[in-house]
Amino acid sequence: MLSYILRRILTMIPTLLVISFLIFLIIELPAGDYISNQIAALRSSGEAAAIAKLEFLRAEFALDRPFFERYLIWIGLWPGPHGFDGLLQGNWGWSFEFDKPVSEVVGPTLPLTIVLNATTILFVYIVSFPIGIYSATRQYSWGDYGFTFLGYLGLATPNFLLGLILLYLFNKWFGLSVGGLMAPEYIDQPWSTGKALSVLAHLIVPTIVIGTAGTAAMIRRLRANLLDELHKQYVTTARAKGLSERRLLIKYPLRMALNPFIADIGNLIPSLVSGSVIVSVVLNLPTVGPVLLSALQSQDQFLAGFILLFVAVLTLVGMLVSDLLLAVLDPRIRLGGRAAA
């Protein structure tokens, strides 16, 4: 198992390099960059002094170098104006829009983004697991129809609309402040028990809103997989031999149906981050989603590139977790290569 974990971690390194290149290629695809756009605007207004400053910044951040050289400087594998000073050396780049280092722009939002995504994934799996089993084992019952209806309702309702409705209800019933991830009195205050409880209370609405679509999809997937397994010959044989329904379900079909259910952990993360952008704007959540949207609109390339790379790292970590869980659940997965040999 240890060799399997090491092998999986080592394969993440070239994967991350390829992803970083694709991200840099994509953010460089639009014509021009933030500095070029600013220079064009200043030239039209005739401000020569500001243009000289921006031209200096282009050289300072190596924006006047060839594409591959800019990429290698960005990740820290090629010396730039200040030597080897890229992502590998801990320099996340400079945000031209905010006029400060990327680390200062996104630093406070990263922990809250990780906490919100982790909470949402837990919500998706905790809710969808029992409902998926119930719907599959009681197919065409009133409960199955009810959960199916709620699932379609969750998929069809826009997240921002559901967020506004829940915000209104939680504010009216529980006095929860509207917007943000904590009560206004705790902002800029050191961490305390009251602040932690306030964050937990404010996580409920965005977790439900962002996780609703994923929960509905997971319920349908587990229900379909389990129904497929329940109709196989080995289940009929085990039932004929007198195995109790609960023991039969846990020992064979549920175990087989869990493989695709667990394999989706890694895929959930990018969909949650991208799907939470509008929700974060509407609910005023201090996550990386609104910052990414603003960076893409203004072509703030180093800021956008770092956030996309951060989401890619989260995805790879999620896929590693799902692979490890699958290896524990089904040893044939980690022994696959040896068996093939």
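Computed from a predicted model, the values in this text were never measured in an experiment.
You'll find the side chain of M218 stays beyond 4.5 Å of the side chain of I131, heavy atoms only. For the pair W78 and F68, the minimum side-chain heavy-atom distance is 4.5 Å or more. A 4.5 Å side-chain heavy-atom check between P253 and L226 finds at least one atom pair inside the cut-off. A heavy-atom distance below 4.5 Å is found between the side chains of F170 and I204. The side-chain heavy atoms of F129 and L254, taken from C-beta on, include a pair separated by under 4.5 Å. Using a 4.5 Å cut-off on side-chain heavy atoms (C-beta onward), Q299 and E97 make no contact. Side-chain atoms of L249 and V235, non-hydrogen and from C-beta on, never get closer than 4.5 Å to each other.
Although no hydrogens or angles enter the test, the distance criterion places no donor-acceptor pair under 3.5 Å between the side chain of S294 and the main chain of V291. A donor-acceptor contact shorter than 3.5 Å links the side chain of Q89 to the backbone of G76. Not a single donor-acceptor pair under 3.5 Å links the side chain of N171 to the backbone N or O of L167. Looking at E28, its side chain never comes within 3.5 Å of a backbone N or O of L25 through a donor-acceptor pair. Under the 3.5 Å distance criterion, the side-chain polar atoms of K100 are left unmatched by any main-chain donor or acceptor of S95. Side chain of R70 to backbone of R65: a donor-acceptor contact under 3.5 angstrom is found. When atom types are taken as modelled, the side chain of T315 and the backbone of V311 share a donor-acceptor pair closer than 3.5 angstrom.
Hydrophobic clustering, with ILVMFWY side chains joined whenever heavy atoms are under 4.5 angstrom apart, keeps V321 apart from I126. L116 and L122 are not part of a single hydrophobic cluster, where members link through side-chain heavy atoms under 4.5 Å apart. Linking ILVMFWY side-chain heavy atoms closer than 4.5 Å, directly or via other members, places W173 and Y168 in a single hydrophobic cluster. Hydrophobic clustering keeps I133 apart from I250 (ILVMFWY residues linked when any side-chain heavy atoms are closer than 4.5 Å, directly or through intermediates). Put simply, L22 and L296 are part of two different groups of oily side chains (I, L, V, M, F, W, Y) that touch within less than 4.5 Å, one to the next.
Atom OG of residue S135 and atom CZ of residue R223 lie 6.0 Å apart, to the nearest 0.5 angstrom. Between the CG atom of L16 and the OG1 atom of T11 there is a distance of 11.0 Å, given to the nearest 0.5 Å. To the nearest 0.5 Å, atoms CG (N91) and CG (D85) are separated by 4.0 Å. Note that OG of S298 is 7.5 Å distant from CZ of F98, once rounded to the nearest 0.5 Å. Rounded to the nearest 0.5 angstrom, R239 CZ and T237 OG1 are separated by 10.0 Å. Considering CD1 of I27 and CG of D300, their distance stands at 9.5 Å, rounded to 0.5 Å.
The shortest non-hydrogen separation linking A238 to L248 is CB-CD1, 3.4 Å. Nearest heavy-atom pair, L63 versus Q301, reported as atom, atom and distance to 0.1 Å: CD2-NE2, 3.4 Å. Nearest heavy atoms, T119 versus V115: OG1-O, 2.6 Å. The two residues L112 and P286 come nearest to each other via the heavy atoms CD1-CG, 3.5 Å. Pairing each heavy atom of A136 with each of L227, the nearest pair is O-CD2, 3.3 Å. Scanning both residues, V106 and L303, for their nearest heavy atoms gives CG1-CD1, 3.5 Å.
The existence of a salt bridge linking R58 and D64 is excluded, since no basic side-chain nitrogen approaches an acidic carboxylate oxygen closer than 4.0 Å.
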Next on the checklist: Applying side chain to side chain donor-acceptor pair (under 3.5 Å) to Y234 and E229, what does each step give before you reach the verdict?
Outcome noted: CA-CA 9 Å; Y234 74 89; E229 292 296 327; 2.7 Å; yes

Checklist entry - Hey, mind stepping through Y71 and S20 against side chain to side chain donor-acceptor pair (under 3.5 Å) and telling me if it holds? => result CA-CA 9 Å; Y71 165 70; S20 68; 2.8 Å; yes

Item to check | Working for side chain to side chain contact (heavy atoms under 4.5 Å, CB included), residues W94 and V102 | outcome: CA-CA 5 Å; W94 184 267; V102 170; 5.6 Å; no

Checklist entry - Run the side chain to side chain contact (heavy atoms under 4.5 Å, CB included) check on L169 and V205 step by step: do they pass? => result CA-CA 10 Å; L169 295 177; V205 172; over 6 Å; no

Next on the checklist: One pair to check against side chain to side chain contact (heavy atoms under 4.5 Å, CB included): V313 and I19. What are the steps and the verdict?
Outcome noted: CA-CA 9 Å; V313 171; I19 291 174; over 6 Å; no

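Counted within 6.0 Å of CE on M319, heavy atoms from surrounding residues, nucleotides or ligands total 12 or fewer; the atom is thus considered open. Heavy atoms of other residues, nucleotides or ligands lying less than 6.0 angstrom from OH of Y140 number 12 at most. A 6.0 Å sphere centred on OH of Y252 holds no more than 12 heavy atoms belonging to other residues, nucleotides or ligands.
Between Y134 and F147, the angle of the ring planes goes over 60°, which puts this pair in the perpendicular group of the 30/60° scheme. Using cut-offs of 30° and 60° on the angle between ring planes, the pair F306 and W92 is parallel. Using cut-offs of 30° and 60° on the angle between ring planes, the pair F67 and F24 is tilted.
Y186 and S192 are not linked by any side-chain donor-acceptor pair at a separation below 3.5 angstrom, with hydrogens and angles left out of the test. Side-chain N/O atoms of S244 and R247 include no donor and acceptor closer than 3.5 Å. At a cut-off of 3.5 Å, with distance as the only test, a side-chain donor of T148 or R220 sits close to an acceptor on the other residue.
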